[in-house]
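The structure appears right after this line, and notes come after that.
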There are 2 protein chains.
Amino acid sequence: MATGRTHRPATRSRGIPEATVARLPLYLRALTGLSERSVPTVSSEELAAAAGVNSAKLRKDFSYLGSYGTRGVGYDVEYLVYQISRELGLTQDWPVVIVGIGNLGAALANYGGFASRGFRVAALIDADPAMAGTPVAGIAVQHSDELEKIISDNGVSIGVISTPAGAAQQVCDRLVAAGVTSILNFAPTVLSVPDGVDVRKVDLSIELQILAFHEQRKAGEEAAGNNAEQADAPPLRATPASRKGPDGDVPAVMPA
Amino acid sequence: MATGRTHRPATRSRGIPEATVARLPLYLRALTGLSERSVPTVSSEELAAAAGVNSAKLRKDFSYLGSYGTRGVGYDVEYLVYQISRELGLTQDWPVVIVGIGNLGAALANYGGFASRGFRVAALIDADPAMAGTPVAGIAVQHSDELEKIISDNGVSIGVISTPAGAAQQVCDRLVAAGVTSILNFAPTVLSVPDGVDVRKVDLSIELQILAFHEQRKAGEEAAGNNAEQADAPPLRATPASRKGPDGDVPAVMPA
DNA sequence: ATGTCTTTGTGAACGCGTGCACAAAGATGA
DNA sequence: TCATCTTTGTGCACGCGTTCACAAAGACAT
Ligand SMILES: NC(=O)c1ccc[n+]([C@@H]2O[C@H](COP(=O)([O-])OP(=O)(O)OC[C@H]3O[C@@H](n4cnc5c(N)ncnc54)[C@H](O)[C@@H]3O)[C@@H](O)[C@H]2O)c1
Ligand SMILES: NC(=O)c1ccc[n+]([C@@H]2O[C@H](COP(=O)([O-])OP(=O)(O)OC[C@H]3O[C@@H](n4cnc5c(N)ncnc54)[C@H](O)[C@@H]3O)[C@@H](O)[C@H]2O)c1
């Protein structure tokens with residue numbers, strides 16, 4: 001998960017649990033697919049399968065939105081698409097700025113899935129003067145000096161940070177001061193923001209480390225043989241490139 | 001959050017809660033920073049602040065790893081770095097392949113933070129014959145036909161998918177069949193994999209939609225004023241910039 | 001109309017994660 | 001050696017999220 005909001009006393013927003021909110025986009029995507037194939041209705045079972053979740057969970061999630069299903073039939077696809085879109089705030093336009101147009105920033109700018117759901121790239125901002133004016137994904141990059149003006153002029157409330165880690169907090173502060181209240185952070189740093197500002201982070205490195213943990217565990221289990229009492233975790237394959245020297249690389253510094 | 005493993009009966013891996021595992025990389029990053037500044041020890045309070053979490057939570061997390069602290073003093077930075085690295089499986093080398101070298105794939109390949117923690121880009125794979133041989137981030141892109149051989153030869157167990165959504169499941173199947181047991185998926189699709197294979201997803205679109213939800217809610221609260229009995233669960237309803245045309249864009253199809 | 005059959009919506013139980021609060025551990029100084 | 005002071009490690013309670021299981025709702029056929 002590259003997710004994680006910063007702070008927030010678990011204030012269940014308007015009665016809709018945070019976990020449910022995080023799944024609504026998933027349902028919406030599955031529903032959009034059905035809609036394109038002109039499927040009129042879906043059962044909770046079918047939709048749940050498409051979204052990769054439990055059907056009971058899906059029904060409970062939808063129950064927070066209201067009673068939009070028909071017993072014995074299922075859910076009307078178009079209607080549900082609309083209801084979820086409205087709930088997520090996608091019936092309006094969200095201008096977004098991307099700050100830090102390097103490798104990642106440029107990829108994000110080129111990302112088509114951006115505009116598809118009400119998100120519009122209002123501006124690309126970079127601190128490098130050499131980049132100012134350069135078109136990326138059809139949009140001319142603007143210099144950081146313009147940041148406040150851009151935010152203000154476009155009524156931007158969502159900012160994406162893809163600068164190096166060292167610049168992230170500073171950029172964040174400027175964004176917030178200029179009026180941005182939601183930030184998607186790709187830089188590997190913990191951002192501190194005032195109350196009322198939401199931060200979500202996407203951290204590739206963390207994701208890989210979590211995978212490595214489970215990978216190691218799988219390999220270890222296999223090595224340990226199946227003397228475990230329960231066959232819950234299957235044997236799986238051989239450890240990857242693991243000639244993990246016999247703990248030979250313990251740092252010299254020991255605790256006490 | 002762009003996170004979410006697929007399936008898995010909440011099998012608490014080796015006694016370490018999943019939530020804790022997800023935070024270990026965060027602690028590790030904070031500790032690495034301290035280590036570079038040659039700080040010998042940290043208290044749970046200081047480290048927690050650096051990692052952006054609660055100190056009690058941090059102490060509880062560490063308690064799952066063992067008793068590595070010294071009461072009255074704190075934790076030895078170097079020692080803790082080693083212990084967490086070992087726990088996460090970062091003391092060994094993890095060869096990784098990236099499949100789909102487009103905008104995003106190329107950015108990922110160029111990402112420096114990759115190699116820093118034991119992850120090594122073993123190969124870049126793309127289906128486009130025109131890309132074969134082209135160097136990206138100093139590595140020659142290889143054609144999809146070689147996928148199985150590459151996985152096998154390098155003992156790759158972690159794969160990154162950054163192909164278009166339509167190709168993701170197919171690529172996933174091939175990776176898994178070739179021996180990959182952990183996948184980081186950037187394509188906006190639900191991947192289905194056999195038991196024993198971990199999938200984590202990073203989904204920009206979902207992150208933005210979650211931010212939009214809260215953004216809409218904030219706007220609604222502000223618009224509603226403070227006439228509510230408690231500022232916790234506001235009336236809402238008053239959509240923000242919603243000139244929600246007299247429901248003019250409600251789909252024609254209604255439920256019942 | 002009435003019965004059957006499908007599927008929703010939800011009450012209830014359970015487990016995980018979080019945070020409080022404090023006893024125990026150990027360092028440090030006299 | 002003993003007292004004091006800091007900080008860890010954890011028991012405990014609480015709330016959120018998940019899942020089960022089923023009653024109620026409605027479609028559809030007869
Ligand atoms: N590339 C990836 O796949 C990847 C993956 C995960 C995380 N990240 C993170 O995303 C960030 C960007 O990665 P990248 O590979 O694109 O780096 P990059 O060096 O290619 O791009 C960074 C860009 O930010 C600009 N910049 C620097 N300081 C700035 C400031 N104060 N204001 C505005 N712009 C500024 C630079 O001019 C540069 O164009 C890094 O923090 C990196 O750790 C990247
Ligand atoms: N660019 C972004 O910032 C971004 C953000 C979020 C998600 N994504 C997702 O990441 C994926 C890649 O995005 P992108 O912008 O890099 O797209 P892209 O079109 O630039 O790149 C896709 C690459 O995948 C290759 N490819 C296609 N089918 C393949 C196959 N079967 N096997 C191997 N390679 C194959 C193509 O040749 C191409 O080089 C998409 O699913 C996109 O939705 C991208």
Side-chain angles (χ1 to χ4, degrees), chain A residues 1 3-24 26-27 39-49 51-77 79-80 83 232 255-256, chain B residues 1 3-24 26-27 40-49 51-77 79-80 83 210 232-233 254-256:
Chain A
M1 143 174 154
T3 194
R5 246 159 48 284
T6 314
H7 224 38
R8 175 79 79 84
T11 307
R12 180 174 288 201
S13 326
R14 140 76 187 300
I16 300 184
E18 190 58 30
T20 295
V21 172
R23 279 188 295 269
L24 291 182
L26 227 51
Y27 302 144
V39 176
T41 60
V42 267
S43 67
S44 62
E45 204 70 51
E46 295 166 329
L47 184 54
V53 302
N54 184 296
S55 72
K57 194 186 293 186
L58 177 141
R59 287 198 299 276
K60 178 141 293 194
D61 282 342
F62 285 176
S63 77
Y64 293 114
L65 308 185
S67 285
Y68 295 146
T70 305
R71 297 173 189 229
V73 176
Y75 300 90
D76 182 281
V77 173
Y79 187 63
L80 203 47
Q83 288 299 341
D232 186 32
Chain B
M1 160 178 131
T3 195
R5 248 164 43 288
T6 313
H7 225 40
R8 176 79 79 84
T11 307
R12 179 174 289 201
S13 324
R14 141 77 185 300
I16 300 185
E18 191 57 32
T20 295
V21 172
R23 279 187 295 268
L24 290 181
L26 227 50
Y27 302 143
T41 61
V42 266
S43 68
S44 61
E45 204 70 50
E46 295 166 330
L47 185 54
V53 303
N54 183 297
S55 72
K57 194 186 292 185
L58 177 142
R59 287 198 300 276
K60 179 143 294 190
D61 283 342
F62 285 176
S63 77
Y64 293 114
L65 307 185
S67 285
Y68 295 146
T70 305
R71 296 172 190 231
V73 176
Y75 300 90
D76 181 280
V77 173
Y79 187 62
L80 203 46
Q83 289 298 342
I210 296 172
D232 188 32
M254 288 297 271

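Quick note on labels: first sequence line is chain A, next is B, and so on, each numbered from 1. As a basis for the values below, the full set of heavy atoms in this structure was taken, side chains included, without hydrogen atoms, waters or symmetry mates.
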- [ ] Using only side-chain N and O atoms of Y75(A), determine if any of them is under 4.0 Å from OP1 or OP2 of dG9(C).
- [x] yes

Open item on the list: Could you tell me how far apart D61(A) (CG) and dT10(C) (P) are, to the nearest whole angstrom?
Closed with: 13 Å

Open item on the list: Test of understanding: with side chain to side chain contact (heavy atoms under 4.5 Å, CB included), list the residues that count as partners of A48(A), not counting sequence neighbours.
Closed with: V53(A), S55(A), L58(A)

Open item on the list: Counting only side-chain heavy atoms from C-beta out, which of dG17(D), dG11(D), dG11(C) sits nearest to K60(A)?
Closed with: dG11(C)

Task: Integer-rounded Å distance: dG9(C) P and K57(A) NZ - done: 18 Å

Task: Whole-Å gap separating P (dG17(D)) and OH (Y64(A)) - done: 8 Å

Open item on the list: My understanding is that only residues two or more places apart in sequence, or in another chain, count here; which of them pass ring pair (Phe, Tyr, Trp, His ring centres under 6.0 Å) with F62(A)?
Closed with: Y27(A), Y75(A)

- [ ] Could I get the full list of side chain to side chain contact (heavy atoms under 4.5 Å, CB included) partners for A56(A), not counting sequence neighbours?
- [x] N54(A), R59(A)

TODO: May I have the distance from L58(A) (atom CG) to dC20(D) (atom C1'), rounded to whole angstrom?
DONE: 16 Å

TODO: Ignoring backbone atoms, establish whether S44(A) has a side-chain N or O less than 4.0 Å from OP1 or OP2 of dT8(C).
DONE: yes

Task: Which residue lies more 5' along DNA chain C, comparing V73(B) with F62(A) via nearest heavy atoms - done: F62(A)

List every contact pair, protein side and nucleotides 21-23 of chain D side both N or O, where the distance is under 3.5 Å.
unit_1	atom_1	unit_2	atom_2	d
dA21(D)	N6	R59(A)	NH2	3.4

Open item on the list: Would you say that T70(A) contacts D76(A) through its side chain, given a criterion of any heavy-atom pair below 4.5 Å between the two side chains?
Closed with: no

Task: 5′-ward residue of the pair N54(A)/S67(B) relative to DNA chain D - done: S67(B)

TODO: Check G15(B) against Y64(B) and note the closest heavy-atom contact, atom names and distance.
DONE: O-CD2, 3.9 Å

TODO: Provide, to the nearest angstrom, the distance between the CD atom belonging to E18(A) and the P atom belonging to dC16(D).
DONE: 12 Å

TODO: Quickly work out the L47(A) CG to dT7(C) P distance and round it to whole Å.
DONE: 14 Å

- [ ] Kindly write out the residues that satisfy side chain to side chain contact (heavy atoms under 4.5 Å, CB included) with S67(A), not counting sequence neighbours, or none if the list is empty.
- [x] none

- [ ] Grab the CG-P distance between L80(B) and dT8(D) for me, whole Å please.
- [x] 11 Å

- [ ] Send over the distance from L65(B) CG to dG9(D) P, rounded to a whole Å.
- [x] 10 Å

Task: Residues in side-chain hydrogen bond (donor to acceptor under 3.5 Å, both in side chains) contact with T41(B), at least two apart in sequence or another chain - done: none

